[in-house]
A.B. asks: 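Below is the structure I would like to discuss, written out as structure tokens.
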Amino acid sequence: MPKLGVNIDHVATIRQARKTIEPDPVWAAAIAELAGADGITLHLREDRRHIQDRDLRVMKETVQVKLNLEMAAEEEMTRIALEVNPGQCTLVPEKREEVTTEGGLDVVANFDRVKRCSDQLLAVGIEVSLFIDPDQAQIEAAKKLGVQAIELHTGRYADAINEKQQDEELETLITAGEAALNENLLLHMGHGLTYRNVVPVAQIHGVGELNIGHSIISRAVMVGLEQAVREMKTLITV
Ligand code: PXP
């Protein structure tokens with residue numbers, strides 16, 4: 001039964017649309033936690049388009065479940081992560097021009113850069129997860145880095161345009177998941193998961209954590225955050 005990490009970035013997106021003080025993602029994190037979230041995930045992007053440094057610092061003090069900081073494997077973010085010391089850092093690729101994280105981190109091609117970052121985080125006891133595509137070479141590279149976990153990018157599954165394609169992408173996730181478990185890596189998954197497509201992913205053997213943002217915050221606009229989180233939690237734990 002996977003744990004639910006609720007990504008609250010898009011509460012900050014609404015705030016930043018007016019550059020005001022509301023809605024506060026810190027409040028959202030508290031409500032998500034009360035509604036059963038097992039973790040709070042936030043992405044401090046280089047361009048600060050949604051989450052701000054203050055959000056991370058305050059949440060470090062207020063969030064009582066796991067705090068999962070998504071970040072690029074870059075110097076500035078590494079410095080911030082070392083200062084704040086969240087429970088977990090998920091290393092993601094980042095491009096200024098992308099709307100959201102578009103693909104997994106290419107750990108094979110960026111091995112030394114990722115290692116510089118992950119070694120520093122691991123040294124102070126921060127758990128490190130690498131957001132990667134469901135690909136054997138990436139899993140092996142993650143293992144070589146000595147990180148605890150990988151998060152498989154579920155975007156291709158989420159974007160599948162018909163049932164056949166979705167089944168194929170699900171198979172790819174299942175195979176990659178088994179490979180990660182065989183390497184004794186903790187298995188997380190996320191990106192593009194919704195109330196409609198999440199159940200088969202939640203049922204994949206060994207998946208320990210799902211990180212879900214946009215769909216939960218979208219539903220929260222209509223039904224409230226507490227209900228939205230509870231409904232997702234119910235779906236992934238049946
Ligand atoms: N996992 C990672 C590593 C991400 O970068 C994101 C998007 O910020 C998510 C999960 C959540 O994706 P979504 O908002 O599509 O649920």
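When a residue number appears, it is its place in the shown sequence, counting from 1. All heavy atoms count here, side chains included; hydrogens, waters and symmetry mates do not. In this text, all values refer to a predicted model and were calculated from it rather than measured experimentally. Counting starts at 1 for both ligands and their atoms, following the listed order.
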A.B. asks: Would you say the side-chain atoms of Gln136 and Glu140 include a donor-acceptor pair closer than 3.5 Å?
C.D. replies: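 The answer is yes; a qualifying pair exists.
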A.B. asks: Identify, by atom number and element, the atoms of ligand 1 in contact range of Gly192, meaning under 4.0 Å from any of its heavy atoms.
C.D. replies: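 Within the 4.0 Å cut-off of Gly192, ligand 1 contributes 12 (O), 13 (P), 15 (O), 16 (O).
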A.B. asks: Under 4.0 Å, counting heavy atoms only: does Ser215 come that close to any atom of ligand 1?
C.D. replies: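 So Ser215 does not count as touching ligand 1.
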A.B. asks: May I ask you to list the atoms of ligand 1 that are less than 4.0 angstrom from any heavy atom of Val92?
C.D. replies: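 Those qualifying, in numeric order: 3 (C).
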A.B. asks: For ligand 1, which atoms, with element, lie under 4.0 Å from some heavy atom of Asn7?
C.D. replies: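 Those of ligand 1 that fall under 4.0 Å from Asn7 are 8 (O).
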A.B. asks: Would you give the length of the straight line joining atom CE of Met59 to atom OG1 of Thr62, rounded to the nearest 0.5 angstrom?
C.D. replies: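 Answer for the CE-OG1 pair, Met59 versus Thr62, is 6.5 Å.
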A.B. asks: Following the transitive rule for hydrophobic clusters with a side-chain heavy-atom cut-off under 4.5 Å over Ile, Leu, Val, Met, Phe, Trp and Tyr, establish whether Val199 and Leu152 coincide in one cluster.
C.D. replies: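 Yes.
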A.B. asks: Testing Asn68, Asn7, Thr90, Asp9 for side chain to side chain donor-acceptor pair (under 3.5 Å) with Thr41, which one passes?
C.D. replies: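 Only one option passes, and that is Asn68.
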A.B. asks: Does Lys3 have more than 12 heavy atoms from other residues, nucleotides or ligands lying within 6.0 Å of its NZ?
C.D. replies: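 No.
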A.B. asks: If we set the cut-off at 4.0 Å for heavy atoms, which region of His153 has an atom near ligand 1: side chain, backbone, both, or neither?
C.D. replies: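 Under 4.0 Å from ligand 1, His153 contributes no heavy atoms.
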A.B. asks: Counting from 1, what ligand 1 atoms have a heavy atom of Asn211 closer than 4.0 Å?
C.D. replies: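 It comes down to these atoms of ligand 1: 10 (C), 11 (C).
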A.B. asks: Out of Met71, Glu151, His188, who gets a non-hydrogen atom closest to atom 1 (N) of ligand 1?
C.D. replies: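 The residue whose heavy atom sits nearest atom 1 (N) of ligand 1 is Glu151.
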A.B. asks: If the cut-off is 4.0 Å to any non-hydrogen atom of Glu70, which atoms of ligand 1 fall inside it?
C.D. replies: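 Contacts of ligand 1 toward Glu70, numbered from 1: 1 (N), 2 (C), 3 (C), 4 (C), 5 (O), 6 (C), 8 (O), 9 (C), 10 (C).
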A.B. asks: Taking both backbone and side-chain atoms of Gly213, is any N or O found less than 3.5 Å from an N or O belonging to ligand 1?
C.D. replies: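 There is such a contact, yes.
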A.B. asks: Numbering the atoms of ligand 1 from 1, which are under 4.0 Å from a heavy atom of Ile212?
C.D. replies: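 Those qualifying, in numeric order: 16 (O).
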A.B. asks: Which ligand 1 atoms does His214 reach within 4.0 Å, using its non-hydrogen atoms?
C.D. replies: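 Answer, ordered by atom number: 13 (P), 14 (O), 16 (O).
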A.B. asks: Any chance you could measure Leu181, atom CG, to His205, atom NE2, to the nearest 0.5 Å?
C.D. replies: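 Here the rounded value is 5.5 Å.
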A.B. asks: Is Arg15 atom CZ crowded by more than 12 heavy atoms from other residues, nucleotides or ligands, each under 6.0 Å away?
C.D. replies: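 Yes - once you tally the heavy atoms of other residues, nucleotides and ligands closer than 6.0 Å, there are more than 12.
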A.B. asks: Please state whether the rings of Phe131 and His153 are parallel, tilted or perpendicular, taking 30° and 60° as the class boundaries.
C.D. replies: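 Judged by the thresholds at 30° and 60°, the geometry between Phe131 and His153 is parallel.
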